[in-house]
Amino acid sequence: MDKSETQIDLSIVIPVYNEAGNLAALHDELTAVLRGLGRPYEIVAVDDGSTDDSLQVLRQLQQENPRLRVITFRRNFGQTAAFAAGFDYARGEVIVTIDADGQNDPADIPRLLQVMAEGRYDIVSGWRQARKEPFITRRLPSMAANRLISRSTGVSLHDYGCSLKAYRSEVVKNVHLYGELHRFIPALAGWMGVRVTEIPVSDRPRAYGRSKYDLSRTVRVLLDLFTVSYLLSFSSRPMQLFGLIGLTLGGSGGLIGLYLAGAKIARGILEGAEGFRAYRIGTSPWLMLAVLFIVLGVQFVAMGLLGEVMTRTYHEAQGKPIYAIREIIESKEVE
Ligand code: UDP
Ligand code: MG
């Protein structure tokens, strides 16, 4: 480790995808706030394969500010991958993530750090109490998602989706990210016994450009929620889940079969051989359909979950990165 590496104790990680118009203003705000803190910091901007002038702007800013390090991806790998790269390259003991579009206010950073410095928490999450986005398409699904994530993961937060969060570096360096999982970091880390809290932060409208996401993200987040709750609760004992489903289904199937057989015998006793023969169950289309649906349902659930486990094994066992870097632009020595 060289000298500059040991000096930094705060890293700001920013995912950047087509934010050319927002970067200069954010950089100014950030540096003003960070200088005021008077502690050695670095800014790690991850250019997630932007197709606008973002990279040129970042290069320019880097020329002027040796504390800015720019990591550039070969293509667009997504916000989660950008965060993951930022975490991998960040050298600070505390890592703060913030969006590049100006929606988060850098002025909130000192308060996050203050709570962090009290030492009781490993993650301090921002909570946008007064969000500026449309209610139906953004805030409502997000509210539902936050409730659901809090419930099913046991780590209660009002605003999982807020990018402005502070982490102790060892926490994020030990969480393996892929897919859209970055918003689940507090939940995944909660599993390690990490202490999480939240404080209100402000939310501002985007200055330039537009959001990179649409409603489909809500669906993807919900699907990820299944994965995360499964991984958190059942991944080490899948039999408790699959076994329960299997027993329930097998049990109900058995009961239905018993009922049908019982009814047939009852007809035989009440109406004699004629009635017994007339009561046909083997050809009942409903029976066939029910059996078919149950079997298919079990197959699909099992396959989906096994697939998730395999994905996790794949990423963790191979240590395969979820991104590919083209270039790292940084100054050799920081002051
Ligand atoms: N972002 C990224 N890669 C992507 C999409 C988004 O790095 O594929 C960055 C984007 O530049 C911004 C942050 O992630 O800094 C949040 O994106 P956005 O503002 O579009 O999301 P929203 O605030 O609308 O939820
Ligand atoms: Mg945004």
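Heads up: numbering here begins at 1 and tracks the sequence. Atoms within a ligand are numbered from 1 in the order they appear, just like the ligands themselves.
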S.K.: Mind listing the closest non-hydrogen atom pair of Ser211 and Arg206 along with its distance?
M.R.: N-NE, 3.5 Å
S.K.: Report yes if Lys212 has an N/O atom closer than 3.5 Å to an N/O atom of ligand 1; otherwise report no.
M.R.: yes
S.K.: Flag Ala82 as yes when one of its N or O atoms lies below 3.5 Å from any N or O atom of ligand 1, and as no otherwise.
M.R.: no
S.K.: Do you see a donor-acceptor pair shorter than 3.5 Å between the side chains of Asn18 and Thr51?
M.R.: yes
S.K.: Going hydrophobic residue to hydrophobic residue with side-chain gaps under 4.5 angstrom, can you get from Ile123 over to Trp127?
M.R.: no
S.K.: Assess whether side-chain contact (heavy atoms from CB on, under 4.5 Å) is satisfied between Glu198 and Cys162, documenting all intermediate values.
M.R.: CA-CA 10 Å; Glu198 59 187 352; Cys162 180; over 6 Å; no
S.K.: Return yes when atom CD of Glu64 has more than 12 non-hydrogen atoms of other residues, nucleotides or ligands closer than 6.0 Å, and no otherwise.
M.R.: yes
S.K.: Starting from atom 7 (O) of ligand 1, which protein heavy atom do you reach first, and at what distance in Å?
M.R.: Pro15 CB, 3.4 Å
S.K.: If you count the atoms of ligand 1 from 1 in the order shown, which ones are under 4.0 Å from a heavy atom of Arg206?
M.R.: 18 (P), 19 (O), 20 (O)
S.K.: Can you pull out the closest protein heavy atom to atom 1 (N) of ligand 1? Residue, atom name and distance to 0.1 Å, please.
M.R.: Tyr17 CB, 3.7 Å
S.K.: Answer yes if the side chains of Thr80 and Glu180 hold a donor-acceptor pair under 3.5 Å, and no otherwise.
M.R.: no
S.K.: Considering only the protein, which heavy-atom contact is closest to atom 12 (C) of ligand 1, and what is its distance?
M.R.: Glu19 OE2, 3.4 Å
S.K.: Look at atom 24 (O) of ligand 1 and say which protein heavy atom is nearest, naming residue and atom and giving the distance to 0.1 Å.
M.R.: Ser211 OG, 2.6 Å
S.K.: Show which atoms of ligand 1 fall inside a sub-4.0 Å distance from at least one heavy-atom site of Arg138.
M.R.: 22 (P), 24 (O), 25 (O)
S.K.: Given side chains that start at C-beta, do those of Leu61 and Ile43 come closer than 4.5 Å, heavy atoms only?
M.R.: no
S.K.: Taking all atoms of both residues into account, what is the closest heavy-atom pair of Ala81 and Tyr323, and its distance?
M.R.: O-CD2, 3.8 Å
S.K.: Nearest heavy-atom pair of Asn22 and Tyr208: which atoms, and what distance?
M.R.: OD1-N, 2.9 Å
S.K.: Please state which protein non-hydrogen atom is closest to atom 17 (O) of ligand 1 and give its distance, to 0.1 Å?
M.R.: Tyr213 CE1, 3.7 Å
S.K.: Which ligand 1 atoms does Val16 reach within 4.0 Å, using its non-hydrogen atoms?
M.R.: 7 (O), 11 (O)
S.K.: Under 4.0 Å from a heavy atom of Asn76: which atoms of ligand 1 are those, numbered in the order shown and with their elements?
M.R.: 3 (N), 4 (C), 8 (O)
S.K.: Report, in ascending order of atom number, the atoms of ligand 1 lying under 4.0 Å from any heavy atom of Gln103.
M.R.: 19 (O), 23 (O)
S.K.: Which residue owns the protein heavy atom closest to atom 4 (C) of ligand 1, what's the atom, and how far is it?
M.R.: Asp48 OD2, 3.4 Å
S.K.: Go through ligand 1 atom by atom and flag the ones less than 4.0 Å from a non-hydrogen atom of Arg217.
M.R.: 25 (O)
S.K.: If you have a sec, work out which protein heavy atom is nearest atom 13 (C) of ligand 1 and how many Å separate them, to one decimal?
M.R.: Asp99 OD1, 3.2 Å
S.K.: State, to the nearest 10 degrees, the angle whose vertex is the Mg ion (ligand 2) and whose arms point to OE1 of Gln103 and OD2 of Asp101.
M.R.: 90°
S.K.: For Tyr279 and Glu271, test the side chains for any donor-to-acceptor distance below 3.5 angstrom and give the result as yes or no.
M.R.: no
S.K.: Less than 3.5 Å between some nitrogen or oxygen of Asp101 and one of ligand 1, yes or no?
M.R.: yes
S.K.: Give the minimum heavy-atom separation between Tyr41 and Thr31, together with the two atoms involved.
M.R.: OH-CG2, 3.8 Å
